[in-house]
Each structure stands twice: as structure tokens, then as C-alpha cells.
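Reading through the C-alpha cells given below for one structure.
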Amino acid sequence: MFEMAADHVRFSSDFELIGGYLSPVSDAYRKAGLASAEHRVAMCQLAVDQTSDWLMVDTWEPIQKEYQPTAVVLDHFDHEINTVRKGVDAGNGTRKPVRIALLAGADLIHTMSTPGVWSEKDLDHILGKYGSFIVERSGTDIDEALASLQPWKDNIHVIQQLIQNDVSSTKIRLFLRREMSVRYLIPVPVIHYIEQHHLYEDDGMEKGKERQEGRSG
Ligand SMILES: Nc1ncnc2c1ncn2[C@@H]1O[C@H](COP(=O)(O)OP(=O)(O)OP(=O)(O)O)[C@@H](O)[C@H]1O
Ligand SMILES: NC(=O)c1ccc[n+]([C@@H]2O[C@H](COP(=O)(O)O)[C@@H](O)[C@H]2O)c1
């Protein structure tokens, strides 16, 4: 999705792309099926280190003891890049500020209309102050996802998936539990890391149950 966003920025916007950060959520989020933050940071690092010259991993969010809402995470990036580092080199001896934006899939943006998931204050902060690039995702009606976000429409940039990629981390974890191949779906160094650390393996009962479910559907 970062590469789709980069192409969108280059060919369909007036923005200049400075960099991209992966910011794994902290363990305090307690989402079922997630590996520890330490492992997720390591996997993100392996995924970008050997494959990208512009993507980076930021470890502030994953090391937080308490869950940090997305608005706070964006504030963290804004503070570090624009206040601490005073933006980026403008090429003429001065520095210029950087616009921080949230890159998300349409399914995440759809949750912004679900009562109780995002506070109105956070939505205004994220979409009003920063803005978002949204990648279409199969299974999510983008118009429906954006319907209640019209007040911020000028700050929301929709990225079409020209080649549909329906990979999901839940599906990857499911394949791994079923001992199915995920090669070419995620980077090979990440696959090796998962194998070395025995991540996403379940006990025999769960495996048996899933195999049965797999056979019936
Ligand atoms: N195939 C995809 N197309 C578009 N956006 C995606 C895709 N996979 C992940 N994303 C987006 O990446 C971000 C991080 O997603 P997350 O880590 O929750 O993985 P996920 O694949 O969405 O997980 P799940 O399998 O639980 O839905 C979210 O904004 C999500 O919408
Ligand atoms: N209120 C919020 O700030 C809020 C709500 C839901 C998801 N999120 C973020 O979205 C990302 C993806 O979350 P899910 O995997 O639960 O869809 C996470 O980084 C999470 O922190 C933030």
C-alpha cells in the first residue's frame, strides 16, 4: 500500500514524498492474534530494510505502555519531524516543514463512521490537521466509507488499487497456522523470522479444527 501511495503522490498530486513510516501498534492494543510488539517491530524492520530506500520503522508507538490513539501517534511524528528536527532540508540552506498524513486502507476509514471507535475530536484532528491517503480495499465500499467524512473531504486522498491486492494480515496468520505457504505474499526475511521464532503456530487442537473447517469450506 505504501508503493501505491507513492505512485499516487508522484503522478496524481502536488505533494512531494519525503518518507514513509511503519508504526506498529503497542501490545496494550490487545488485538487478538497479534505477536508481541518486539516481534512486530523486528518483522517490519526486516520487511523494509532490504526492500525499500524510503520506508522506515518508528518504535515510539510500539514501546508505549499504554495504547496511543492514532491522533496522538500523528502528533508524535509531527513533533519529532517538524519541532525537533525543524522539518527537512529545502535544498537552499533552509529547512521546510513536512506535512504528516495517515496512510490507511478503506476498511480502517470505514470504521471512522462506526459509533464509539473514534472520537469526534480525534477525527477532526486526524483528518482536519493532518489528512489521510486511503487505499481502496476489496470488500469496502469507498463511497460509504467516506459518506460521513465529507467535512474533511479536501484532506482525504483516495488511492485506486490498479492491481487488486487482497492480502490481509489475518489471512497470512491463518495460512501460517495451517502450515500453508506465504512465499511471495510477504518478504522472505520475514518468513524466516516467523519460522525461527515459531510465531503464529497454534496447538494441535486449533490446527485440527482449522483443517476441518478448511475442508468443509
Ligand atoms: N490488501 C490491502 N489493501 C488495502 N489496505 C490494506 C490492505 N492490507 C492492509 N491494509 C491497511 O493497512 C493498515 C494496517 O492493517 P492491519 O495491520 O490491521 O492489517 P489487515 O490486513 O487490515 O488486518 P486484518 O487482516 O485484521 O484486516 C490498515 O489501514 C488496513 O486498512
Ligand atoms: N480511535 C483511534 O485512534 C483508533 C481506532 C481504531 C483503530 N485505530 C488504529 O488503527 C490501526 C489498525 O487497527 P485495527 O487493526 O484494529 O483495524 C491501529 O494502529 C489502531 O491504533 C485507531
Side-chain angles (χ1 to χ4, degrees), residues 1-8 20-37 39-45 47-48 55 57-78 100-142 144-146 148-149 152 156-178 180 182 184-187 190 194 199-200:
M1 64 191 293
F2 278 94
E3 290 299 315
M4 289 178 206
D7 277 349
H8 179 87
Y21 286 98
L22 280 75
S23 181
V25 75
S26 85
D27 287 334
Y29 193 47
R30 297 188 179 284
K31 183 170 171 171
L34 288 193
S36 71
H39 284 317
R40 286 180 288 112
V41 167
M43 289 188 282
C44 287
Q45 203 74 64
V48 300
L55 289 177
V57 183
D58 188 73
T59 55
W60 179 84
E61 183 181 2
I63 63 172
Q64 298 307 307
K65 291 273 171 291
E66 291 190 0
Y67 170 67
Q68 303 295 319
T70 301
V72 175
V73 177
L74 293 173
D75 282 345
H76 152 73
F77 282 103
D78 190 33
I100 310 296
L102 175 69
L103 176 62
D107 57 311
L108 187 72
I109 295 303
H110 197 273
T111 69
M112 291 180 170
S113 321
T114 308
V117 184
W118 303 77
S119 75
E120 194 64 27
K121 189 166 146 278
D122 279 10
L123 279 188
D124 192 44
H125 196 62
I126 296 166
L127 301 175
K129 177 172 179 181
Y130 297 111
S132 183
F133 287 80
I134 300 169
V135 179
E136 286 181 336
R137 194 166 188 185
S138 58
T140 301
D141 182 330
I142 193 88
E144 195 183 296
L146 295 177
S148 66
L149 305 178
W152 305 282
I156 299 177
H157 311 273
V158 176
I159 303 168
Q160 266 185 297
Q161 285 215 34
L162 299 175
I163 296 179
Q164 293 295 320
N165 181 339
D166 192 23
V167 171
S168 102
S169 54
T170 302
K171 281 187 201 162
I172 296 290
R173 290 191 292 267
L174 185 64
F175 272 38
L176 289 165
R177 280 207 301 279
R178 292 180 173 178
M180 290 163 68
V182 291
Y184 308 118
L185 294 175
I186 60 174
V190 177
I194 290 171
L199 303 182
Y200 313 119

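Residue numbers count from 1 along this sequence. The figures that follow rest on heavy atoms only: side chains count, while hydrogens, waters and symmetry mates do not. Just follow the structure's listing: the first ligand is 1, and inside any ligand the first atom is 1. Fair warning: this is a prediction, and the values are worked out from it, not measured in the lab.
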Pick, from Leu22, Asp107, Leu108, the option with the minimum heavy-atom distance to atom 30 (C) of ligand 1. Asp107
Beyond-backbone contact of Ile186 with Ile172, side-chain heavy atoms, under 4.5 angstrom: yes
For atom 10 (O) of ligand 2, the closest protein heavy atom turns out to be Leu108 CD1, 3.4 Å
Answer with side chain, backbone, both or neither: which part of His110 has a heavy atom less than 4.0 angstrom from an atom of ligand 1? neither
for atom 5 (N) of ligand 1, nearest protein heavy atom and its distance come out as Gly105 CA, 3.5 Å
Out of all atoms in ligand 2, which are within 4.0 Å of some heavy atom of Tyr67? Include the element for each. 2 (C), 3 (O), 4 (C), 8 (N), 9 (C), 20 (C), 21 (O), 22 (C)
With heavy atoms under 4.0 Å as the rule, classify the contact between Val25 and ligand 2 as side chain, backbone, both or neither. side chain
Under 4.0 Å between a Lys/Arg side-chain N and an Asp/Glu carboxylate O for Asp78 and Lys129? yes
Would you say the side-chain atoms of Ser119 pair up with the backbone N or O of Asp122, donor to acceptor, closer than 3.5 Å? yes
Parallel, tilted or perpendicular: rings of Tyr130 and His125 (30°, 60°): perpendicular
Polar contact flag, side-chain donor to acceptor under 3.5 angstrom, Thr111-Trp118: yes
Using a 4.0 Å heavy-atom cut-off, which part of Gln161 comes near ligand 1: side chain, backbone, both, or neither? side chain
Near Gln164 CD, under 6.0 Å, is it more than 12 heavy atoms from other residues, nucleotides or ligands? yes
Tell me which protein heavy atom sits closest to atom 18 (O) of ligand 1, plus the residue, atom name and distance to 0.1 Å. Lys31 NZ, 3.8 Å
How far is atom 22 (O) of ligand 1 from its nearest protein heavy atom, and which residue and atom name does that atom have? Arg137 NH1, 2.7 Å
Which of the atoms in ligand 2, numbered in the order shown and given with their element, are less than 4.0 Å from a heavy-atom of Pro69? 3 (O)
Within the structure, does Ala104 bring an N/O atom to less than 3.5 angstrom of an N/O atom in ligand 1? no
Select the closest option to atom 1 (N) of ligand 2 among Val117, Thr111, Asp122, Ile126, judged by heavy-atom distance. Val117
Distance-only side-chain donor-acceptor flag, His76 / Asp58, under 3.5 Å: yes
Any idea which atoms of ligand 1 are less than 4.0 Å away from a heavy-atom of Asn165? 1 (N), 2 (C), 3 (N)
Is there a side-chain contact between Tyr21 and Val57 (heavy atoms, below 4.5 Å)? no
Starting from atom 13 (C) of ligand 1, find the nearest protein heavy-atom neighbour and note its residue, name and distance. Met1 SD, 4.2 Å
Contact check, side chains of Phe133 and Leu102, non-hydrogen atoms, under 4.5 Å: no
Any nitrogen or oxygen of Tyr29, main chain or side chain, under 3.5 Å from a nitrogen or oxygen of ligand 2? yes
What residue and atom, counting heavy atoms only, is the protein's closest point to atom 15 (O) of ligand 2, and at what distance? Lys31 NZ, 2.6 Å
Please report which non-hydrogen protein atom sits nearest to atom 17 (O) of ligand 1, along with the residue it belongs to and the distance in Å to one decimal place. Ser169 OG, 4.1 Å
Within the structure provided, determine whether Leu127 and Met112 are in side-chain contact (heavy-atom separation under 4.5 Å). yes
Which of the ligand 1 atoms, numbered from 1, are nearer than 4.0 Å to a heavy atom of Ser168: 21 (O), 25 (O)
What part of Thr170, side chain from CB on, backbone N/CA/C/O, both or neither, has a heavy atom under 4.0 Å from ligand 1? both
Per-atom contacts, ligand 1 versus Val167 - under 4.0 Å to a heavy atom: 1 (N), 2 (C), 7 (C), 8 (N)
Do Ser36 and Asp27 touch side chain to side chain, with heavy atoms closer than 4.5 Å? yes
Within a distance under 4.0 Å of any heavy atom of Glu136, pick out the atoms of ligand 1 and give their elements. 4 (C)
Does the protein place any heavy atom closer than 4.0 Å to atom 15 (O) of ligand 1? no
Side chains of Asp7 and Leu162: does their closest heavy-atom pair fall under 4.5 Å? no
Looking at side-chain heavy atoms only, is the closest gap between Glu61 and Val25 below 4.5 Å? yes
Which protein non-hydrogen atom lies closest to atom 3 (O) of ligand 2, naming both residue and atom, and how far is it? Thr70 N, 3.0 Å
Asp166 versus Ser138, side-chain donor and acceptor atoms under 3.5 Å: yes
